Amino acid sequence: MSSEHTAPLLSVRNLVVEFSTRYGPVRAVDDISFDVYPNETVGIVGESGCGKTVTGLTLLQLIPMPPGRIVQGSIKFDGRDLTKLSEKEMQEMRGSDISMIFQEPMTALNPVFSVGNQMIDVLRRHKNLTRRQARELAINMLDTVGIPAPRKRIDEYPHQMSGGMRQRVMIAMALSCGPKLLIADEPTTALDVTTQAQVMEQIVKLQDEFHMSMILVTHDLGVVAESCDRAIVMYCGNIIETAAIDDLFHKPQHPYTRGLLDSIPRIREERVAELPIIRGIVPDLLHLPDGCRFADRCPRATDECRKDKPVVNIDPVTGNGVACYHPMG
Amino acid sequence: MSSVAPEQVADQAVVDDGAAHRESIWAKAVYKLRRDRLGMIGLGVVLLYFVVAIGVWLGIWATEWGDVEGPKWAPMSAEYWFGTNIIGQDIFARAIYSTKTAFEVGLVVAVLSTIIGALLGALAGFFSGTWIDEIILWLKGVLDSIPFYLFVAAVAFALTGNPYAMHIAMVSTFWTTTGRLVRGEVIKLKNFEFVEAARAIGVPQVVIIFRHILPNTFHILLVQATIVFVAAIKSEVILSFLGLGVQDGVSWGLMIAESTQEVLAGFFNNFVWASVFLFGLVMAFNMFSDALQDALDPRKVASE
Amino acid sequence: MSTLLKVVDLKKYFPVRGGMFHRVVAHVKAVDGVSFELEKGRTLGLVGESGCGKSTLGRAVLRLHEPTSGQIILNGDDLMKLDREALTAHRRQMQIIFQDPYASLSPRRTIAQTIQEPLDVHKIGTPREREKKVEELLDVVGLRKQVLSRYPHEFSGGQRQRIGIARSLALNPNFIVADEPVSALDVSVQSQVLNLIARLQREHGISFLFISHDLAVIQHVSDDVGVMYLGRLVELASAEDLYREPRHPYTKALMSAIPVPDPKKKSKRIILGGDVPSPMDPPPGCPFHTRCPDAMPHCKKAVPPRVNVGTEDRPHFVDCHLFTEEAAT
Amino acid sequence: MEVLQYAIRKLIGGIPLVLGVTFISFLLMVYFGPDKTYELLGKNPTQEQIDEIRHELGYDKPFMVRYGEYLKEMATLDFGASDSTGEPVSKVLARTVPISLALITPGFILGNLLGILLALIAAYHRSGPIDKYIMGFSVVGMSISFLIVVIAFQIIFSSSYGLNAFPVRGWNVHSFSDYLRYITVPTLATVFVALGYNTRFYRAVLVEEMTRDHVRTAKAFGTRPGKLLYKNILKNSMIPIITRIMFSIPLVVVSGSLIIESYFGIPGIGKVTYDAITTGDQPILKAVVGLTAVLFVITLLITDILYRVVDPRVSLK
C-alpha cells in the first residue's frame with residue numbers, strides 16, 4: 001500500500017519516451033508519473049502497444065537509443081535521478097540495485113554459456129568475490145529459487161532446461177546481488193498455466209524474503225490481481241488509472257479499466273451468449289486524437305472528452321487516481 | 001448488403017475503416033530506397049552505364065572499337081581520348097564497347113542463375129527432408145566444391161569453341177547461393193499458417209509453391225540478382241585474363257589482360273581506363289545493391 | 001443428435017532422425033491414442049498446455065498432418081481411407097482457423113484473392129457468383145466491402161482473424177477446427193472474435209473443434225470439453241460438468257492455476273511439481289503420474305483405462321486410476 | 001570417441017559428394033575433354049595409327065570403365081605423369097603445394113583477423129561515423145577486381161614506376177627474409193581484396209547478434225560494453241564466422257593461388273593448375289579437382305566439429 005509516511009523508492013515524474021520513425025516521432029510513453037514504495041508491488045497493465053514494456057525498459061535505460069529517446073521527465077530512485085546518471089553509473093546500477101527479468105527465458109539467456117557462468121559474471125560484476133565464492137553463491141541462489149540439484153544444474157546450458165527452469169535461473173540471477181527493485185516484464189507470459197503458477201508464487205515469496213519492491217509489467221489482469229498491491233493501467237502511452245488493487249478490481253473508475261475487466265474471458269458460473277466487449281480498436285500512436293485517447297471507444301464520452309485530454313488526479317487519501325471526466329461511480 | 005442482423009451491426013462498429021498504418025514490404029522498400037542517397041547515386045550511375053550499353057547495342061557509338069586507327073600506344077589526346085593500345089586501337093571506344101559486354105554477361109548470368117536458384121531452391125525447400133531435397137543439396141554441394149576457375153576451364157574444354165562456355169559455367173555455379181537462401185526461406189514460409197490454409201482448402205502443391213510461396217521470396221531474389229550481376233562482371237575479368245572469358249568482341253577484362261604486358265613497359269592507359277570503367281560500374285552496383293538489401297531487409301523494415 | 005465426427009484411437013508420431021543416413025531413431029508421440037465424438041452443431045473444446053499435442057490433433061483430424069494410425073469418420077466417411085483426390089473433395093466440408101493472424105494470410109495476395117481462393121479451387125459457381133459470395137462472407141464476419149482490394153498488412157490482428165474466418169467459411173463447411181483463434185489477440189479484441197465464432201456456430205450450425213490453452217475461453221465457446229496431457233485425452237465431459245466438478249487431478253490443477261482477476265478470490269492453488277515430460281520419452285503407465293499429487297504405485301505401471309464417472313446419458317470420462325477398481329483394491 | 005565416430009560417419013557421408021565431383025570433372029575434362037589423339041600423331045595419320053593411339057589413351061573403352069579407372073587413380077593417389085612435363089603428378093603436388101600454402105596462409109589469416117577486428121570496431125560504433133568510414137572502405141574494397149589490385153600493387157611496390165622495393169615476380173626463396181620479400185606484395189593484395197568482403201560479412205554477423213535478447217539481458221545486469229562485445233557478441237557469432245573461414249579455405253587455396261601465382265610467376269599449385277588449364281594437362285587437372293573435393297569434405301567435417309566446440313547446442317549425434 002502506498003503510504004504517506006515513507007518516502008517512495010522510485011518516483012517517476014512526467015516521463016516522456018519518444019521513438020523516431022519515418023512518419024515522425026512516436027510517443028510510446030507520454031507524460032507519465034508514478035511512485036513505487038519500499039516492499040510494494042506495482043502492476044503496470046495494458047494491452048499491447050500501450051507503452052508498459054517501454055516504461056519498464058526506460059527505467060533501466062535499456063530502450064535502444066536511437067531511435068528511442070527520453071524527451072523529458074525524471075526517474076528518481078533512492079534519491080538519485082537515473083536520467084542524469086552517466087552510462088557508467090547506470091551500468092553499476094543495473095543488476096545490483098535494480099534488476100530486471102524478461103518475458104522470453106529461452107532467448108533472454110546466452111545460449112553458449114552455462115547458466116553458472118552467466119550467474120557468476122553478474123555476481124562478480126557487482127560484488128568483490130572470487131570465482132569460487134561466486135559459484136557457491138550462485139548455487140545457493142539456484143537452490144533458493146527452487147531448482148533441484150543446483151550443484152549439478154549450474155553447469156547446464158539454457159537449452160538443457162525447461163522454460164520454467166530457465167525463468168527461475170533468470171530470477172536467481174536478478175536477485176543474486178540483492179536489488180531493491182525488481183522490474184518483471186511479463187515474467188510468466190511465455191510459460192504454461194501450471195508453470196506460470198509455480199513461477200509467480202516463487203517470485204512473490206522471494207520478493208517478501210528479499211524485501212524488494214517490484215514492478216510487474218503484464219497484460220494479464222489475473223496475475224495483477226493475485227500478486228500486486230497497486231496497479232497502473234496504461235492506454236496509448238498514458239496512465240489512465242492507478243489504484244490500490246482491491247479498488248481497481250471492485251470499483252474501477254475509468255471506463256477502459258471497466259471494459260478491460262469485463263471483457264476478460266473468465267471461468268463463470270453460467271455460460272453467457274455474448275461476452276462484453278470494448279468497441280473499436282486502439283488508435284494508432286501516430287494519429288492520436290486531441291482529447292481523451294479512449295474517447296472514440298468510450299460509451300460515456302462527451303464533447304468535452306474529445307476536446308481536452310483529462311489528466312490523472314491523485315486522491316491524497318487513497319492514492320488512487322483516474323484520468324477521466326466521467327469516471328464510473 | 002441488405003440483411004444485416006442486429007448483432008452484426010454491433011460487430012461492424014468495431015471494425016475501423018481506415019487502414020492501419022502498416023505498409024507492404026515493397027512500399028517501405030521504395031520509400032527507404034529513395035531516401036538512401038548513396039543507393040540512389042549508385043542506381044543513377046548504373047543507369048548511365050546502361051544507356052551507354054544500349055547505345056553500343058544499337059550501333060550508335062563505339063562502332064570503331066575493333067579498327068586499327070592510329071599509331072600504337074598513342075598518348076591521350078583530343079583524337080584518342082584515352083590513347084591507343086599496342087596495335088593502335090582507340091582505348092576509349094573499346095572501354096565504351098566493353099560496357100555492353102559487361103551488361104550482357106551480367107544480365108544473362110544474373111537472370112539465369114536467379115531463375116534456376118529460385119526453382120531449385122523452392123523445390124528443395126518445399127520438399128525438404130525428401131529425396132528431391134537430398135538430390136538438389138547434393139548437386140549444390142558438388143558444384144560448390146569444384147574450384148570455380150577450374151570448373152570454368154573444364155566447361156570451356158567440354159564446349160570448345162562455344163562462346164557461351166563462360167556464361168554456362170557461371171550460371172552453373174552462381175545459382176547455388178540463391179538456391180540456398182531461397183531454400184531456407186521456403187522452409188520457413190511453408191510452415192506459415194497461410195500455406196497450411198491453402199492446403200486445408202485443397203490447393204494443389206504446384207500452385208502453393210508458385211502462388212503462395214515463391215512470390216514471398218522475391219525480395220531475396222532481387223538482392224541476390226544484383227549480387228550475382230556484380231560477381232559475373234568481376235569474374236569475367238579474371239576469366240578473360242586466364243584466357244577463358246569473352247571469345248569475341250572486347251571487354252574490360254580482355255583490356256586488362258592485354259595491359260599486363262604494357263604496364264611493365266610503362267603504358268598505363270589500357271589498364272587504367274578499363275579499371276576505372278569496371279570499378280565505376282561495380283561500385284555503383286554495389287552501392288545500389290546495399291541500399292536494396294537495407295530497404296528490403298524484413299527485420300530492418302519491421303523495426304520501424 | 002447425430003454424430004458428425006468420430007475419431008478412434010488416433011495417433012500421430014513424428015519421427016526423429018539422427019545417426020548415419022538419417023535413420024529414424026525415436027518418435028515424438030504428439031498424439032498418442034485419442035478417441036472422441038463430435039455431434040452436429042456442437043463445439044468440442046480441447047484444452048491443454050503447450051506441447052500436449054492439441055494442435056497436432058486438430059491438424060491430424062483434417063489430415064493436414066498425416067496421422068500415423070487411427071480412424072477419422074466424418075459424416076460417415078473414413079477420411080483415412082481417402083486418396084488425395086477424394087480428400088481434396090472432402091476438404092469442402094472441413095476447414096481450419098489459425099492462431100497467428102499475421103502468418104495465416106498470404107502477404108502478397110489481396111483480401112479478395114484470399115477469400116475467393118477456396119471457391120476457385122473447388123470451382124464453385126461462376127466468377128460473378130464467387131465475387132458475390134465473397135462480399136456476403138465479408139458481411140458475415142463484420143467487414144466492409146472496401147477492404148477487398150487491400151493487402152493483409154493493412155489490417156489489425158482482430159481484422160485479420162475475421163478475414164481468416166471468412167476464408168474458412170467460404171466453402172460452407174460443417175466442421176471447423178479452430179486452433180487457438182484468439183490467443184494472439186489482445187483481451188478486448190479476443191471477446192469480439194469469440195462472440196463472432198459463437199454467433200457463427202448458432203446461426204450456421206457448424207461443428208467446431210475449438211483448441212485453446214485458456215480454460216476460460218474454452219468454457220465460453222464449448223458444449224463439451226476434452227483435457228489433453230502429453231498426447232492423450234485425460235478427461236472428457238460436458239462443459240457444465242467439467243467446470244463444476246473436474247475429476248482428473250490434472251484438470252483440477254489446471255483449473256486452480258488460472259490467476260483469477262479478482263483480488264478477493266485468491267484461490268487455493270494446487271502447485272504441480274516438475275515439468276511436463278518429453279513426448280519423445282513419455283513415462284510408462286499414466287502419463288501424469290510424475291507430477292500427480294494423488295499418484296499411486298499402480299499409476300506407474302498401467303495406462304489408466306477410460307472410466308465413465310457420469311451417467312449413461314450424461315457421460316463424464318476420466319482416464320485415471322483413482323476411479324478404476326483394480327487400483328482401489 | 002564420440003568425435004571419432006562422428007568423423008567416420010561424416011567421411012562416409014561425404015562419399016556421394018566426392019563421387020559427384022569426380023563424376024562431373026570426369027565428364028567435363030576427360031570424356032568431353034580435349035582429344036589428344038591428333039596432338040600425338042604426325043600429319044596425315046592412317047586409320048590404324050589413330051585407332052592405336054586411341055587405344056593407348058584408353059579412348060575406346062566404355063564410359064563406365066574409364067570413369068572407374070579415374071576413380072581408381074583417385075583412390076590410390078596415382079595420377080600418372082603430367083602430359084606436358086612428364087613429371088609424376090604426385091611429385092608435382094609435393095613440390096608445389098607447400099609453396100602455395102606458404103604464400104597464401106599469411107594473407108588468409110591476416111585478412112580474416114583484420115576483418116573481424118574492423119568489424120568489431122564498426123559494430124561497436126554502429127551507425128556512427130567510424131562505422132560509416134569502415135563500411136565505405138569495405139564497399140570500395142569489394143568493388144575493385146582482384147586482378148586490378150594485383151597489377152596496381154605490382155606497379156606500386158615492385159616496379160620502377162613505384163617503390164621498386166620488392167621482387168616483381170618469381171620465387172627464389174632461400175631464407176626467411178627472402179620469403180618475406182616474395183610474399184609481401186601478394187599478401188598485401190590478398191588482404192586488401194579479402195578485407196572488404198570479410199569486414200562487411202563479419203560486421204553483419206556481429207550486428208545481428210547485438211540485437212538478440214540475451215545481449216539486452218547482459219546489459220540489464222550491468223555488463224560493461226567491452227565484455228559485452230567479446231563475450232556475448234563475438235562468442236555467439238562464432239558459427240557464421242567459422243563457417244565463412246572454413247569454407248573459404250578450399251576456394252582460397254585453389255582459386256586464390258591460381259591468380260596470384262600465375263601473375264607473380266610463383267611455382268605453386270595455382271600456377272601449375274593454370275598451366276594445366278592452358279595446355280589441357282589432364283592428369284594434373286584430375287588430381288587437383290579430385291583432391292579439392294576431398295579437401296572440401298574434410299573441411300565440412302572439421303567445421304562441424306568446430307561448431308560443437310563453440311556452441312553447446314550443436315550435437316554430433
Side-chain angles (χ1 to χ4, degrees), chain A residues 46-50 146 148 161-165 188 190-198 200-202 219-229 244-250 256 259-282 284 297, chain C residues 47-52 155-159 182 184-195 198-199 202 212-223 239-240 243-244 250 253-267 269-278 291:
Chain A
E47 297 180 275
S48 50
C50 71
M161 299 182 152
S162 67
M165 211 63 106
T188 57
L191 306 175
D192 273 323
V193 197
T194 54
T195 322
Q196 193 178 333
Q198 294 171 359
M200 226 32 243
E201 194 173 75
Q202 192 69 254
H219 71 282
D220 190 333
L221 284 159
V223 171
V224 171
E226 296 202 342
S227 31
C228 295
D229 303 310
I245 212 74
D246 282 352
D247 297 337
L248 188 82
F249 281 85
H250 293 290
Y256 174 66
L260 209 54
L261 282 170
D262 283 346
S263 62
I264 318 172
R266 60 176 90 196
I267 296 181
R268 295 157 202 268
E269 308 282 308
E270 288 284 300
R271 194 176 151 189
V272 294
E274 287 273 315
L275 289 171
I277 58 166
I278 304 176
R279 293 179 306 149
I281 58 170
V282 181
D284 192 306
R297 305 175 71 187
Chain C
V47 70
E49 296 177 280
S50 60
C52 74
F155 296 89
S156 68
Q159 291 169 321
V182 297
L185 306 176
D186 268 325
V187 189
S188 65
V189 184
Q190 261 188 26
S191 354
Q192 296 171 2
V193 174
L194 283 175
N195 283 343
R199 203 191 74 218
R202 277 198 312 273
S212 176
H213 67 282
D214 189 330
L215 275 163
V217 166
I218 287 282
Q219 188 200 24
H220 177 66
V221 295
S222 305
D223 301 299
E240 208 183 325
Y243 282 85
R244 200 185 44 217
Y250 175 65
L254 202 59
M255 290 245 187
S256 80
I258 305 170
V260 185
D262 184 345
K264 286 200 176 135
K265 282 194 202 152
K266 293 206 172 157
S267 53
R269 183 156 285 173
I270 307 167
I271 297 280
L272 292 178
D275 293 303
V276 184
S278 158
R291 304 172 75 198

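Each chain gets a letter, A, B and so on, in the order its sequence line appears, and its residues count up from 1. Keep in mind that what you see is a predicted model, and the values were worked out from it rather than measured.
Only the backbone of A/Pro276 comes within less than 4.5 Å of a heavy atom of chain C; no side-chain atom from C-beta onward does. Of the atoms belonging to C/Val276, not a single heavy atom falls under 4.5 Å from chain A. Of the two parts of C/Arg291, only the side chain, counted from C-beta on, holds a non-hydrogen atom closer than 4.5 Å to a non-hydrogen atom of chain A. Contacts of C/Glu49 with chain A are made by both backbone and side-chain atoms, with heavy-atom separations under 4.5 Å. Contacts between C/Leu272 and chain A at a heavy-atom distance below 4.5 Å involve backbone atoms as well as side-chain atoms.
Shortest non-hydrogen contact noted between C/Pro259 and A/Gly222 is CB-C, 3.4 Å. The two atoms that bring C/Met255 and A/Ile267 nearest to each other are SD-CD1, 4.3 Å, heavy atoms only. Residues C/Arg202 and A/Glu274 approach most closely at NH2-OE2, 3.9 Å, considering heavy atoms.
Between C/Val187 and the options A/Ile278, A/Asp220, A/Ile277, A/Ile264, a side chain to side chain contact (heavy atoms under 4.5 Å, CB included) holds for only A/Ile264.
Rounded to the nearest 0.5 Å, atoms CG (A/Leu275) and CG (C/Asn195) are 5.0 Å apart. Between atom CG of residue A/Asp192 and atom SG of residue C/Cys52 there is a gap of 8.5 Å, rounded to the nearest 0.5 Å.
Contacts with chain C were tallied for A/Glu201, A/His250, A/Gln196; A/His250 has the most, counting heavy-atom pairs under 4.5 Å. Considering only heavy-atom pairs separated by less than 4.5 Å from chain C, the leading option among A/Leu260, A/Leu261, A/Thr194 is A/Thr194.
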